[in-house]
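This report concerns only the one structure given below.
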2 protein chains.
Amino acid sequence: MLDVAKAASVSVATVSAVINGSAPVSPELRARIEEAIQVIGYKRNAIARSLKLGITRTVGLMVADITNPFFTDVVAVIQDVLHRAGYAVMLCCNDEDVEMQDEQIELLIDRSVDGLIIAPAGDDETLKRIIAGANLPTVLIDRLLDGVDTDAVVLDNRRAVQDATLYMLGLGHRRIGYISGSLDTSTGRERLAGYKAALEAAKLPYEDRLVRIGNFREKDAYKATMQLLASAERPTAIFSANNLMVIGVMKAIRDIGLKCPEDVSVASFDDFPWADVFQPHLTTIAQPVQAIGEQAAQLILDRLSGKSPATPRRLVLQGRLMIRESCRPTSLTPRAIA
Amino acid sequence: MLDVAKAASVSVATVSAVINGSAPVSPELRARIEEAIQVIGYKRNAIARSLKLGITRTVGLMVADITNPFFTDVVAVIQDVLHRAGYAVMLCCNDEDVEMQDEQIELLIDRSVDGLIIAPAGDDETLKRIIAGANLPTVLIDRLLDGVDTDAVVLDNRRAVQDATLYMLGLGHRRIGYISGSLDTSTGRERLAGYKAALEAAKLPYEDRLVRIGNFREKDAYKATMQLLASAERPTAIFSANNLMVIGVMKAIRDIGLKCPEDVSVASFDDFPWADVFQPHLTTIAQPVQAIGEQAAQLILDRLSGKSPATPRRLVLQGRLMIRESCRPTSLTPRAIA
DNA sequence: TTGTACGCGTTATCAT
DNA sequence: ATGATAACGCGTACAA
């Protein structure tokens, strides 16, 4: 910039003024400066600008597991919206590992991001302390944090799972296995609550032995399903609390020599592009990924531009039950135990 | 830092020395300073540090489509390795859109990233000019750029597709449809070359009407497959040049009232976690995602720490044909046209 | 071993 | 309308 100023024989202040339009500059000078910029090939230094202004036009995006197609899609749209608004995105993912999560949030804050969008791996005290300490615009997505009162966009998990469970109940199932996500997450807890609520509505008892924790991962879900299926009175249906786990569920069913939906009905949280293509066509709860991403990005953008209300905004979207062919009426499942 | 210096009644230079270990400091002073740091809660400002040192400890990661599970996995491991090395990751994805790609690379360079890892959307002149102009450590992944001579880690695409095609040929297929990726990418071109090579080895003519461009996207692949299947002499087998497209292929087969593998055999580039679970179990070419990500990260890390050789390193990994059940011998496909 | 002073590239303030 | 200069927070050369 100094070079430009010299080349146009003006002061750096004037150069800055034309670049940022922060002060009126006479047309002749403006032209001379713009030409000098071209000639020199000057580009302003974002680092120096950040140092001076205290902003980086960068937001930190931390999700528990980018490998999960749900998060992938959300990340893609957030990134898109943010880029259009001139913001860069720093990505962190931690494989649902809470310790790694703590390091990553530090990394982000260290880099002076202007805001944070987080889908937390677990309800971690350290994380909450760091977030509070950073005092940055923050929006939580998918998963809430107990006692953290920020902008957020989440799903009505309870309602969605309740509907799905009710649907299975309506098909005549009485022993519905449930593969849960980590109860350290709000989604894990709320989804399970939805399952319980449906049972209660149907005046059926909640049985611990039908519920296994799968931690949102395929491997854990596989083991959990194996246990469920090996029990004396095995479930006639299984609900998986997310997309990754249903793969484990299906593998377990296959490995134990059963078939879906003939022997056991299956439904799952999260829809897939291919749920409709491969057999069995899976019955799922579809989340409005596009909307979630857009809203989250908009929330942080509003907060960043200071046009958000002082009180946090909490958006709750609804899931949609996609009924396909992986659940059958019990009357049609000959090998089910009456 | 000034505050810390005051609190410990030493100079900033000494504080800097203990923080960076750049100069010997007496134990007593060191202790006093470290305590002051604790008390004040001092954290060094990465922006100021970047301005001074000219490095950001951040690498830009730009992939054509994060929504593609292959890229997702690679991104996840790159992110992991880089974080462990203390580097932040700026993520960009552009939906295979070349114009957006140009803007994103500018964004990254603007933010003064120390290095670039790129899976380019297309062989774009602007992109190449920008990369060359930036003069940054760069590693290309998955897709090469004509005339850009940097570190890279790619697959032996030609060989992999040749093997897969040969396998289908061995099953008796003579009309093998090919849904290609964009020929603006090296993977698109090399994979098609593999198909051609197999045909040639089998002394079969290459027929334009059996090949359609699907641009690596589901929708385009769907249309392409529809055309292929509607033709008078429809193919008895179809190869899809990536994972996203095979979903379009399967949907088209379903919508046109055919079945895989009974009526048409299918194989695809890129493996899925669920390829083994849902029907038909898909025959695929598995890429060593973990290795690709690790190598790419290591390449840039080496380059960044200046311990790379001057000449670019080009790593070529091998794919693995995962034979499952989506391809049948022609003798078993009654509806195939002889 | 420790302290002072300067420079990194911007922008904002103030004076002209 | 334009220019001079301080300040952002750090690292480091050089002096003590």
Side-chain angles (χ1 to χ4, degrees), chain A residues 1-37 39-58 86 88 106-107 109-114 134-136, chain B residues 1-37 39-58 86 88 106-107 109-114 134-136:
Chain A
M1 184 154 123
L2 191 66
D3 299 333
V4 175
K6 267 188 198 132
S9 33
V10 295
S11 78
V12 287
T14 315
V15 177
S16 178
V18 8
I19 291 174
N20 300 308
S22 50
V25 174
S26 69
E28 316 107 74
L29 263 200
R30 168 184 307 278
R32 215 162 77 211
I33 291 171
E34 271 164 0
E35 202 203 320
I37 289 178
V39 174
I40 307 264
Y42 165 81
K43 314 207 82 178
R44 89 174 155 202
N45 183 319
I47 305 290
R49 185 184 162 84
S50 291
L51 179 60
K52 178 66 186 165
L53 262 28
I55 57 170
T56 52
R57 289 195 81 80
T58 300
E106 294 266 28
L107 179 83
I109 293 175
D110 204 65
R111 293 294 193 291
S112 303
V113 294
D114 293 339
N135 196 28
L136 244 47
Chain B
M1 189 153 121
L2 190 68
D3 300 332
V4 175
K6 266 187 198 136
S9 33
V10 296
S11 79
V12 288
T14 316
V15 177
S16 177
V18 7
I19 291 176
N20 301 310
S22 50
V25 174
S26 69
E28 318 108 72
L29 262 200
R30 169 185 304 279
R32 215 163 76 211
I33 290 171
E34 270 164 0
E35 202 203 318
I37 289 178
V39 174
I40 307 265
Y42 166 80
K43 316 208 80 182
R44 86 174 158 203
N45 183 317
I47 304 290
R49 186 184 163 85
S50 291
L51 179 60
K52 177 69 185 162
L53 263 28
I55 58 169
T56 52
R57 289 194 82 78
T58 299
E106 294 266 29
L107 179 82
I109 293 174
D110 202 67
R111 292 293 193 294
S112 301
V113 294
D114 294 340
N135 196 30
L136 244 48

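Note that this is a predicted model, so its numbers are computed, not measured. Below, chains carry the letters A, B, ... as their sequence lines are ordered, and counting in each starts from 1.
The residue B:Leu29 sits close only to the backbone: its heavy atoms come under 4.0 Å of sugar-phosphate atoms, none of a base.
We find that CG of B:Asp3 is positioned 14 Å from C1' of D:dC8, with the value rounded to whole Å. Rounded to whole Å, atom C1' of D:dA1 lies 11 Å from atom CD1 of A:Ile33. In this structure, B:Leu51 atom CG and C:dT10 atom C1' are separated by 9 Å, rounded to whole Å. Counting to the nearest Å, the P atom of C:dT4 and the NZ atom of B:Lys6 are 12 Å from each other. Atom CD1 in B:Ile47 sits roughly 16 Å away from atom C1' in C:dT11 (whole-Å rounding). As a whole-Å value, the separation of B:Asp110 CG from C:dG9 P is 15 Å. Between B:Glu28 atom CD and C:dT2 atom C1' the separation is 13 Å, expressed in whole Å. What separates CG of A:Asn45 from C1' of C:dG7 is a distance of 13 Å, to the nearest Å.
In this structure, the separation between OG on B:Ser9 and CG on B:Leu29 is 8.5 Å, given to the nearest 0.5 Å. Note that OG1 of B:Thr14 is 9.5 Å distant from CZ of B:Arg32, once rounded to the nearest 0.5 Å. If you take CZ on A:Arg30 and CD1 on A:Ile19, they are separated by 11.0 Å, rounding to the nearest 0.5 Å. For the atom pair CG of B:Asn45 and CZ of A:Arg111, the computed distance is 11.5 Å after rounding to the nearest 0.5 Å.
Of all non-hydrogen atoms in A:Val12 and A:Leu2, the two that sit nearest each other are CG1-CD1, 3.7 Å.
Here D:dT2 is the nucleotide among D:dT2, C:dG9, D:dG9 with the atom lying nearest to any side-chain atom of A:Ser26.
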Handout entry: Test side-chain contact (heavy atoms from CB on, under 4.5 Å) applied to A:Asn20 and A:Arg49, step by step
Key = CA-CA 11 Å; A:Asn20 300 308; A:Arg49 185 184 162 84; 3.4 Å; yes
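Results of the side chain to side chain contact (heavy atoms under 4.5 Å, CB included) test with B:Thr56 over B:Leu51, B:Ile47, B:Asp114 single out B:Asp114 as the only residue that passes.
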Anything under 3.5 Å between a protein N or O and an N or O of nucleotides 11-16 of chain D, put it in a table, one pair a line.
from	atom 1	to	atom 2	distance (Å)
D:dG11	OP1	B:Arg49	NH1	2.5

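Not one side-chain nitrogen or oxygen of A:Ser50 sits closer than 4.0 Å to the OP1 or OP2 atom of D:dC8.
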